[in-house]
Each structure stands twice: as structure tokens, then as C-alpha cells.
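Convention: sequence-line order gives letters A, B, ...; per-chain numbering from 1.
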Protein chains: 2
Amino acid sequence: MSAIESAIPMASPYLPLFRRYLRQQGLPVTQQREVVADVVFTSSGHLSVEEIESRLKERGERIGKATIYRTMEILVRSGLVEDHDFGDGFKRYEHLFGHHPVREHLICTHCRTVTEVQDRQVERLQGELARRHGFLAARHRLEIHGLCADCQAGGVTLQYKGLTCPALDVA
Amino acid sequence: MSAIESAIPMASPYLPLFRRYLRQQGLPVTQQREVVADVVFTSSGHLSVEEIESRLKERGERIGKATIYRTMEILVRSGLVEDHDFGDGFKRYEHLFGHHPVREHLICTHCRTVTEVQDRQVERLQGELARRHGFLAARHRLEIHGLCADCQAGGVTLQYKGLTCPALDVA
DNA sequence: TTCAATGCAAAGACTTTGCAGATGC
DNA sequence: GCATCTGCAAAGTCTTTGCATTGAA
């Protein structure tokens, strides 16, 4: 192995894909881009930029936030990574290897844990709704908000703080 | 009509609900809260704070942004208004009167138009997925991203900019 | 009168941008 | 070598917070 091909020990087997994408686009394959991509490719779950940054630090890499943001933009554009917005006020990123793209999420409103769920029916539903509106569907995202099993077991209850039946009860 | 009951001309018939909620919670019913709520109740679609602010200016109201944010928080808590995050980098608000809560959205990736869609199947699916994971579902949100009919007619095409088949094509 | 809300401006959190120096090709 | 990237810091955007003043009850 040459130094160029194995600059990163235990690099993700998917890293070459990103290299190829960069070359296809005429973009330089820099060390920073490779390391950032590798962190994302070798992590599971939904990473925030802050989490990516701290994993880089664990590896002894000192890469500026701006570079991380710029690299994430390219990764998303490449189709190798997807970004999510769960309403935390910042984006989260997830690589698309190793499983069918899962876009169904159970989000706990109490502990903010996000659980991935797989279901083929949503795919079908997406097609049906899109067709009905002349819409060309590319991807979907289903979020179900509520309480996870752990929080329920911990005694947390789901309280609806609003009015019981607004429309029927004009005083 | 007393001045108190009709401070706002052509006020939304739902305004009294918000007044009642405030009293229930022991919160003062202020002019600002009423006007902000009325703007939201009498508008359709998904309003950003900036849009709310400009509609207030059109009415000749001069209400600080902080007050708008604080009022929106209460409105969401009251259950009369729902907040959305379509990934624009800011929240949007929608009152829940006049129709079933619609949480299915077709989002055009080109012109960013959001179309509401109604479908009962999603409700059923939510229950099913939640049950399967011991999750207590409160609400859901289904976003389908793609190209709207108008943009398609306008010649916009949905291009996948990434690699054709990443996992099978490691070079 | 008394407690809370308002409005302003400052601070905060996340993200983007500008530019001098470094690096890929 | 030339174009592009990187890293830092500054700026930008949306949102929250602190505090003196105003207002509801």
C-alpha cells in the first residue's frame, strides 16, 4: 500500500468512493476531506458537526469547523451522506452505507433519542401521495414524535398542555 | 361591544380561545399577545417569524421580535398553533383551525413550495410503527421531497448529483 | 400596588464568508 | 506554478436573555 492510499489507518472501505466523486467533480482530494469523510463513514447514527469535531480531536486531527462544514456540504451533494434536521437547532449527518436508506424515525420528546425504523409501506405511500399531486418524489422523511419505551418505563407521561377541544368550546 | 372585547377589528373568532388559555394559565392577556395571535389565526399557510412581523407592521403594530418569539412559544404550548421546521434554518407556524391537523407535506426542492396533503393511512402507519417499538406516539410528520408539478412543467429536472451506485462500484 | 410582560440591545448558537498562507495536481 | 483548499476570525442569521420600563389585574 502506498502512503497515499493508506494515509488513514483502518480507513472505511467506502472512502475510495468519495475520492472518486471528488475527482469526477474536479475537486482536490485533500487530507482534511478524507479524514472528515472517514469519521462519518465509520460512525453510525446521526452525527452533529460538534460530534464530528470531537471525534476528529480524538484522532488527534486538528481540522477547522469551516472545513468540516464545507466537507459535509460536498458529502451530502455526493449522495453518500444525508443530512437531517430533527429540530435541535442544528443539522445531523448520516452515511448511507450498510443498510437501506432508513428515513422513518421515532423521536422521543423527553430524552430526544432518535430511533430508526424500517417500513416498506411508507415507500408505497410516498409514491401514491406524489402521484396524486403530480409531484415527482425523490425522498421522504417520516418523524413520529412521542415517548420512547424507556421514558414511559421511567414514569414520564405525555401531557397535552393545551385546551381540550378548542373548536367546540369558544367561550 | 366593549373596547376590551373588540380591540382588534375583524378579530379571529378563535381569539377568545387563546384568551381563555392565558387566563387558565394565570398569564396576563396583553394587547401584544392578542394581536400576534390574531395575525396567526387569520393567516393561512406556514408563517415565519419574519412574516408575522411584517404583517404586524402592515397593521401598524410595532411589536418587538422578542415578544413575537415569546408569544409563539405560548401559542404552541396552548395547542392552538403548531411549529414546523422545513430545513430553511428557521421555524414556521401554522394554526390548527379549520381543518384536520395536516402533517403530510410535499416539499419542492427547487422552488421550496410546501403543499399540504391529507392521508388517513399515515395515521394508521404511525400507530403500527409505534406499537412495534413500545413507543407512545403523539404526532407525526411526513415530508416528501421532490419536484412540484409547476417546476416539472417549467423544465426543471431532478438530478441525482452523486454516484450512480456507490456500494457496488468501489474502484 | 404588585407581579409579569414588553422592548431594546446584547448575547448565544449554529453556520457562512473573506482572506492570507498552505497544498493538491 | 496555478487553482483551490484550509484555518482563523469576522460576519450573518435566527433565537434567547437581561434589564429598565410599562402595563395588566
5′-ward residue of the pair B:R70/A:G64 relative to DNA chain D:
A:G64

Distance alone, cut at 3.5 Å: any donor-acceptor contact between the side chains of B:H46 and B:E116?
yes

So what does A:R62 hit on the nucleic acid, given a heavy-atom distance under 4.0 Å: a base, only sugar-phosphate, or nothing?
sugar-phosphate

Plane angle bin for B:H105 and B:F86 - parallel if under 30°, tilted between 30 and 60°, otherwise perpendicular
perpendicular

Taking only side-chain N and O atoms of B:R33, does any of them lie within less than 4.0 angstrom of OP1 or OP2 on C:dA5?
yes

With a 6.0 Å cut-off on the ring centroids, do A:H95 and A:F97 count as close?
yes

Would you say a side-chain N or O of B:T67 is under 4.0 Å from OP1 or OP2 of C:dG7?
yes

May I have the step-by-step check of side chain to side chain contact (heavy atoms under 4.5 Å, CB included) for A:K65 and A:E50, ending in yes or no?
CA-CA 9 Å; A:K65 260 201 182 80; A:E50 205 184 324; 5.7 Å; no

The single option from B:E94, B:E51, B:R55 passing side chain to side chain donor-acceptor pair (under 3.5 Å) against B:S43:
B:R55

Between B:I63 and B:G26, which residue's closest nucleotide on DNA chain C lies nearer the 5′ terminus?
B:G26

How close or far is atom P of C:dC14 from atom CG of A:D83, stated in whole angstroms?
16 Å

A quick test of your reading: do over 12 heavy atoms of other residues, nucleotides or ligands sit less than 6.0 Å from CD of B:E128?
yes

Just the rounded figure in Å: distance from P of C:dT15 to CD1 of A:I68.
11 Å

Tell me which of B:K65 and B:V29 sits closer to the 5' end of DNA chain D, going by the nucleotide each one is nearest to.
B:K65

Distance check needed: D:dG7 C1' versus A:L56 CG, whole Å only.
14 Å

Establish, from distance only, whether the side-chain atoms of B:Q31 and B:E61 form a donor-acceptor pair under 3.5 Å.
no

Nearest to the side chain of A:T30, which nucleotide is it out of C:dC14, D:dC5, C:dT17?
D:dC5

Whole-Å distance separating the CD atom of B:E34 from the P atom of C:dT6:
11 Å

Please state how far atom CD in B:Q25 lies from atom P in C:dA4, giving the value in whole angstrom units.
14 Å

Closest heavy-atom contact between A:L75 and A:V40?
CD1-CG2, 4.5 Å

Looking at D:dG7, I'd like to know if its phosphate oxygens (OP1 or OP2) sit under 4.0 Å from a side-chain N or O belonging to A:Q32.
yes

Just report the end-to-end axis angle for the helix from C:dT1-D:dA25 to C:dC25-D:dG1, five pairs per end, to 10 degrees.
30°

Selected nucleotide, minimal atom distance to A:L27 side chain, candidates D:dC5, D:dT6, C:dC8:
D:dC5

Taking any heavy-atom pair under 4.0 Å as a contact, classify A:F90: base, sugar-phosphate, or nothing.
sugar-phosphate

Within less than 4.0 Å of OP1 or OP2 of D:dT15, is there a side-chain N or O belonging to B:Y69?
yes

Whole angstrom value for the distance that separates C1' of D:dT16 from CE of B:M72:
16 Å

What is the distance from CG of A:D85 to C1' of C:dT15, rounded to the nearest Å?
13 Å

Quickly work out the B:R23 CZ to C:dA4 P distance and round it to whole Å.
18 Å

